[in-house]
J.: 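Sharing a structure here in structure tokens format.
Here the structure is a predicted model, which is why all the values come from computation and not from measurement.
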Amino acid sequence: MKIVKLTNESQQELLNLLKGRNPASYTKQQSAVDDIIEKVKTGGDEAVLALEKQFDHCELTPETLRVSKAEIEEAYQQLDPEFIDVMKRAAGNIADYHRKQMQNSWITTREDGVILGQKITPIAITGCYVPGGRAVYPSSVLMNIIPAKVAGVPRIVMCTPPGPDGKAPAGSVAAADIAGADEIYKVGGAQAIAAMAYGTQTIPRVDKITGPGNIYVALAKKACFGITGIDSVAGPSEILVIADETANPRYIAADLLSQAEHDPLASAILLTTSEEFARRVSKEIDGFLQTLSRAEIIRQSLDSYGTIFVSDSMDALIDAANAIASEHMEIVTKDPYEIMTKIKNAGAIFLGSYSSEPLGDYYAGPNHILPTNGTARFFSPLGVDAFIKRTSIISYSRKALEAVHKDIELFAQNEGLTAHANSIAVRFEDHE
């Protein structure tokens with residue numbers, strides 16, 4: 001893994017490199033995605049089935065597109081009972097964490113007859129996308145569905161790619177059942193996003209689509225935004241570690257590789273105050289690459305986006321971390337809590353030697369569907385907020401409006417909106 005001295009120039013070079021992974025820059029796939037969306041929009045089930053045959057190499061019918069109760073039972077039978085129990089315990093942790101995010105409707109009143117408030121309403125129907133491809137992610141099923149369930153969404157739909165046998169992955173199916181999905185459909189890629197955005201004869205149109213996916217899924221979500229809501233346009237996985245000489249280099253190396261194994265486009269970055277520590281981490285990485293099963297993917301990721309930055313100044317490292325705004329950030333230093341207070345941009349922060357990133361991926365409770373590609377500067381992790389709507393409530397008595405009507409009319413007149421002004425003034429014509 002390359003070791004680089006942190007400077008303004010080297011930091012900017014990395015930022016430019018990382019920006020190149022943004023789904024918006026992959027324009028050559030956009031026309032293919034647009035074509036898929038148009039086919040599903042006009043062709044419904046027939047188009048979805050044809051696209052599943054083309055991309056997922058399986059033969060489905062409208063009747064077999066939805067995962068049946070028998071298939072759910074079969075999925076449980078295929079899994080290790082201990083793994084099922086682990087998923088249930090993880091689901092409990094995730095639900096407990098997200099319950100703390102719940103908001104309540106509220107009303108406030110004043111003596112002059114003003115009533116103001118906010119009404120919280122869950123989305124009516126949400127669609128969760130869970131990827132397949134290089135790996136199957138039951139953890140993403142839990143992270144997608146449980147916040148929606150906690151928010152009170154009455155109908156939760158999930159789409160996930162099937163295998164050539166026409167079956168959805170057993171782990172994803174069981175996880176969806178544990179989490180409380182109402183419907184599971186065997187469809188992946190851009191066609192799944194289009195089906196949930198526009199609806200087909202079998203798959204319902206949803207109000208919001210959440211969940212990560214490959215570049216085709218990301219571009220499809222971007223294209224369908226406005227027809228339906230989305231959480232974000234997710235990019236490749238990322239990890240950034242801030243560490244000093246007190247950290248264990250073997251632990252740090254293992255943590256960097258935990259994200260690099262996702263995808264050749266994944267990024268793994270270490271920021272450290274010790275050049276000797278940087279060399280030790282790099283050596284540990286070389287050792288792990290001799291044994292890990294996804295070593296080739298990791299090598300591609302590290303060759304393209306893996307970097308160890310060294311600086312004498314911890315403040316400079318913190319500034320770099322905030323500029324990169326990584327999806328996952330570990331802080332493994334003598335006093336990680338002090339440094340954490342200076343971090344402004346990160347999807348999730350992991351503190352100390354025993355809070356490695358996979359803890360958040362699977363079990364701790366916070367959501368692992370996180371902002372990527374620097375969007376932690378303005379986006380948040382998936383949570384209950386993604387599945388609720390806030391509606392404002394306004395009620396004024398005549399007395400309350402009379403006291404301020406001239407102010408409102410003047411505001412409207414200054415904007416040139418005379419009908420707005422008249423809407424207020426007409427209520428006080430008898431006073432003129």
J.: Are side-chain heavy atoms of Thr333 and Ile242 found at a separation under 4.5 Å?
T.: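 Yes, at least one pair of side-chain atoms sits under 4.5 Å.
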J.: Check whether any side-chain heavy atom of Glu330 lies under 4.5 Å from a side-chain heavy atom of Leu240, and answer yes or no.
T.: no
J.: Do you see a donor-acceptor pair shorter than 3.5 Å between the side chains of Tyr185 and Glu183?
T.: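 Side-chain D/A pair, Tyr185 to Glu183: present.
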J.: Determine whether the side chains of Asp385 and Gln103 contain a donor N or O and an acceptor N or O closer than 3.5 Å.
T.: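 There is such a pair (donor and acceptor under 3.5 Å, judged by atom type) between the side chains of Asp385 and Gln103.
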J.: Of all the heavy-atom pairs spanning Ser326 and His328, show the shortest one and how long it is.
T.: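 Looks like OG-O, 3.0 Å.
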J.: Do Asn144 and Thr210 have side-chain N/O donor and acceptor atoms under 3.5 Å apart?
T.: yes
J.: In Å, rounded to the nearest 0.5 Å, how long is the span from OG1 of Thr126 to NZ of Lys208?
T.: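 The distance works out to 7.5 Å.
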J.: Between Arg89 and Asp85, does any side-chain N to carboxylate O distance fall below 4.0 Å?
T.: no
J.: Taking NZ, NE, NH1 and NH2 as the nitrogens, is one of them in Asp231 or Lys221 under 4.0 Å from a carboxylate oxygen of the other?
T.: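 Salt bridge between Asp231 and Lys221, a charged N being under 4.0 Å from a carboxylate O: yes.
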J.: Ignoring hydrogens and geometry beyond distance, is a side-chain donor-acceptor pair present between Asn8 and Gln12 at under 3.5 Å?
T.: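 Looking only at side-chain atoms, Gln12 and Asn8 do not form any donor-acceptor pair under 3.5 Å.
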J.: Scan side-chain atoms only and decide if Asn367 and Tyr97 contain a donor-acceptor pair under the 3.5 Å cut-off.
T.: no
J.: Would you tell me whether Glu52 and Gln191 have side-chain atoms, one donor and one acceptor, within less than 3.5 Å of each other?
T.: yes
J.: Identify whether the distance between the nearest side-chain nitrogen and carboxylate oxygen of Lys167 and Glu74 falls below 4.0 Å.
T.: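 Judged by the 4.0 Å cut-off on N to carboxylate O distance, Lys167 and Glu74 do form a salt bridge.
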